[in-house]
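Counting convention: from 1, in listed order, for ligands and their atoms alike.
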Amino acid sequence: MTKTENQTNRAVFTTRLGAIATTVGSAVGLGNIWRFPYEAGTHGGGAFMLFYVVFIFLIGVPVLCSEFILGRSTRSNVFGALRKLAPAGKWHLVGYLGILSSLMILSFYSVIAGWTMEYCFQSAAGALDFASESEYHAHFDSFSSGNWRPVMWTVIFLLCNLLIVVRGVTKGIEKASNILTPLLFLMLLVFCVNSLMMPKAAEGLQFLFKPDFSKIDSGVILGALGQAFFTLSLGLGCMLTYGSYFNDRTRIGRSAMMTATLDTAVAILAGIIIFPAVFSFGMSPEAGPTLVFEVLPAIFHQLPGGVLWSAFFFFLLFLASLTSTISMSETNISFFVEECQMSRRKATFVSTSIVMFFGILCTLSFGCMSDVTIMGKTVFGLFDYATSNIFLPVGGFVFSIFVGWFLERRYLKTQMTNFGTVRFKPLPLLVFCLRYVCPVAILLVFLNSIGVI
Ligand code: PFF
């Protein structure tokens, strides 16, 4: 991706591929390969999947457009964008929630990214060679519940993220990810074929794709909404910040649709890999956050050259996590730099220090702090639940109302048509979704989850 400075001294992506690759890089990550299978697994499979896909296209795509519009038209961070457009209003306060969410997500995300690094090394060293699935489970359990090794990886991961973000050298990593993300996709396709040949593949697919309507409850619906926001990096201003780097020729509608489609495809592929294996190995789909780390190594073990597959896959997953954490860091760093007048270096250190502290607490949630619970959840569980299921949808609710009701339709048209140079036919649909569908649906899901309806 190439960035150049525009008249306001802000970087902009110069190529269309740059804009798409970075937004897809942010969206595709652990959310697709780690979080989606475990959420689908604990929320009844097909029922979750149904709501998830509907939410992605009905709510996710319009909210994604709204973030791009806000970012590109103001060339600001989340906080500055809302203040520029509504100086007298209090809309910008939602920016604080966005910054808080990005710091909290970074904290627990780094734990999982650390796990991928450990498993990359363990695979390469041939240490993931067990005879039975229960041994994979026990092995992962003993690693993740340990105190120092997972903490070490969380810290190392955050330092990698810091080194990239502080120098603003995202160029290299993003160039690499232009090649590596398609490679990850290809690998997923290969693993998919392998999983489809497993003895209980049909059972796994049925679990994932056939909705069991008796399983639908408020938890399933809220979980699917949260996953839709998390996986598209929505509701905290991350896509808004990336939108602020779009050039005036980037087609917002197409970029949003393409990001959502590719991201969903990756999540579904991950599901097709995991669930046939879960059923064939006689494991439980409800294992929670540790699910894929127990299932994937057991799958790789069966493949010829499994050590290489495994090491390479976890390496790609590590890189996919980095492109996501870079985008989260960019959200709060652009805020610290532009709103608190910090240097980029200072902003990066402040952000990393906060995240490292909470990241360590999240890591220990699987170890010596597993008994420390707040509202029945560990620190990790609470951060994950509160951000995805509450903060991000609240952010999306505010963005959709602001863009749908507060901004003039002409303003949206200008952005969606690139100042009248291209056509954007579904404008009325977009406005309808932003005005009615998104806010009402988010509200209903919330009211449902607190038992009001
Ligand atoms: N969308 C990323 C994933 O699915 O892994 C996670 C994420 C990135 C969430 C950036 C939020 C964010 F701002």
Peer 1: With no hydrogens and no angle check, just 3.5 Å: does a side-chain donor-acceptor pair link Ser76 and Arg83?
Peer 2: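 No pair is found: no donor N or O on one side chain lies under 3.5 Å from an acceptor on the other.
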
Peer 1: When you measure from the side chain of Glu294 to the backbone of His139, do you find a donor-acceptor pair of N or O atoms at a distance under 3.5 Å?
Peer 2: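 No; zero donor-acceptor contacts below 3.5 Å.
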
Peer 1: Taking ring pair (Phe, Tyr, Trp, His ring centres under 6.0 Å) as the criterion, tell me which of Tyr119, Phe191, Tyr136 meets it with Phe300.
Peer 2: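 Between Phe300 and the candidates, ring pair (Phe, Tyr, Trp, His ring centres under 6.0 Å) is satisfied uniquely by Phe191.
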
Peer 1: Show me a pair-per-line table, with atom names and distances to 0.1 Å, of protein N or O atoms that are under 3.5 Å from an N or O of ligand 1.
Peer 2:
| residue | atom | partner | partner atom | Å |
| --- | --- | --- | --- | --- |
| ligand 1 | 1 (N) | Ser26 | O | 3.3 |
| ligand 1 | 1 (N) | Ala27 | O | 3.1 |
| ligand 1 | 1 (N) | Phe230 | O | 2.9 |
| ligand 1 | 1 (N) | Thr231 | O | 3.1 |
| ligand 1 | 1 (N) | Ser233 | OG | 3.0 |
| ligand 1 | 4 (O) | Ala27 | O | 2.9 |
| ligand 1 | 4 (O) | Gly31 | N | 3.4 |
| ligand 1 | 4 (O) | Asn32 | OD1 | 3.4 |
| ligand 1 | 5 (O) | Leu30 | N | 3.2 |
| ligand 1 | 5 (O) | Gly31 | N | 2.8 |
| ligand 1 | 5 (O) | Tyr109 | OH | 2.4 |

Peer 1: Are any non-hydrogen side-chain atoms of Trp91 and Leu85 less than 4.5 angstrom apart?
Peer 2: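 Trp91 does not reach Leu85 side chain to side chain.
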
Peer 1: Taking the six-membered ring for Trp, are Phe315 and Phe318 parallel (under 30°), tilted (30 to 60°) or perpendicular (over 60°)?
Peer 2: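 Phe315 vs Phe318 ring planes: tilted.
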
Peer 1: Does Asn247 reach the main-chain N or O of Thr250 with its side chain, forming a donor-acceptor pair under 3.5 Å?
Peer 2: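 Checking the backbone N and O of Thr250 against the side chain of Asn247, a donor-acceptor pair under 3.5 Å is found.
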
